[in-house]
Amino acid sequence: MNKQEYLIITFHSLDDAMDLDAKQTSSMKGRLIPKPSVIDAGCGMCFSCQNKDMEKWKIFLKENQIHYEKIVKVVF
């Protein structure tokens, strides 16, 4: 089985997760997924994306006033 690395963005609330889902663009896109068990507690949803450039995501989130908890890389 081929495993891939993803960037996971976690949130304090479902509203924040849905805010990112609504504001994603063609260059900054992903999808909402249930938070994997390897990541700590908080909102039960997270945003998964294959663009692994953390700094680019931090800038995008700040510019779009999207509140997030943390950004981590995971492999599954």
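Computed from a predicted model, the values in this text were never measured in an experiment. The chain is numbered in sequence order, starting from 1.
In plain terms, the two heavy atoms of C46 and K35 that are nearest each other are SG-CA, 3.8 Å.
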Side-chain donor/acceptor pairs under 3.5 Å, residues 16-23, sequence neighbours excluded:
from: D16; atom 1: OD2; to: S13; atom 2: OG; distance (Å): 3.2
from: D19; atom 1: OD1; to: K23; atom 2: NZ; distance (Å): 3.2
from: D19; atom 1: OD2; to: K23; atom 2: NZ; distance (Å): 3.4
from: D21; atom 1: OD1; to: Q24; atom 2: NE2; distance (Å): 3.0
from: K23; atom 1: NZ; to: N64; atom 2: O; distance (Å): 3.0

Ignoring hydrogens and angles, write down the donor-acceptor pairs under 3.5 Å from the side chains of residues 47-63, residues two or more places apart or on other chains.
from: Q50; atom 1: NE2; to: Q4; atom 2: OE1; distance (Å): 3.0
from: N51; atom 1: OD1; to: D53; atom 2: N; distance (Å): 3.0
from: K52; atom 1: NZ; to: Q50; atom 2: O; distance (Å): 3.4
from: D53; atom 1: OD1; to: E55; atom 2: N; distance (Å): 3.3
from: D53; atom 1: OD1; to: K56; atom 2: N; distance (Å): 3.1
from: W57; atom 1: NE1; to: N51; atom 2: O; distance (Å): 3.0

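In Q65, the CD atom is not crowded: 12 or fewer heavy atoms of neighbouring residues, nucleotides or ligands sit closer than 6.0 Å.
Among residues two or more places apart in sequence or in another chain, the side chain to side chain donor-acceptor pair (under 3.5 Å) test is passed with T10 by E69. Every residue meeting the salt bridge (Lys or Arg N to Asp or Glu O under 4.0 Å) condition with K70, not counting sequence neighbours, appears here in chain and number order: D40. A search for ring-ring contact (aromatic ring centres under 6.0 Å, His included) contacts involving Y6 returns F76, not counting sequence neighbours.
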For this session: Please report the C-alpha distance between I71 and I8 in whole Å, then the side-chain angles of each, then the deciding distance to 0.1 Å, and finally whether the side chain to side chain contact (heavy atoms under 4.5 Å, CB included) criterion is met.
Result: CA-CA 6 Å; I71 303 174; I8 300 291; over 6 Å; no

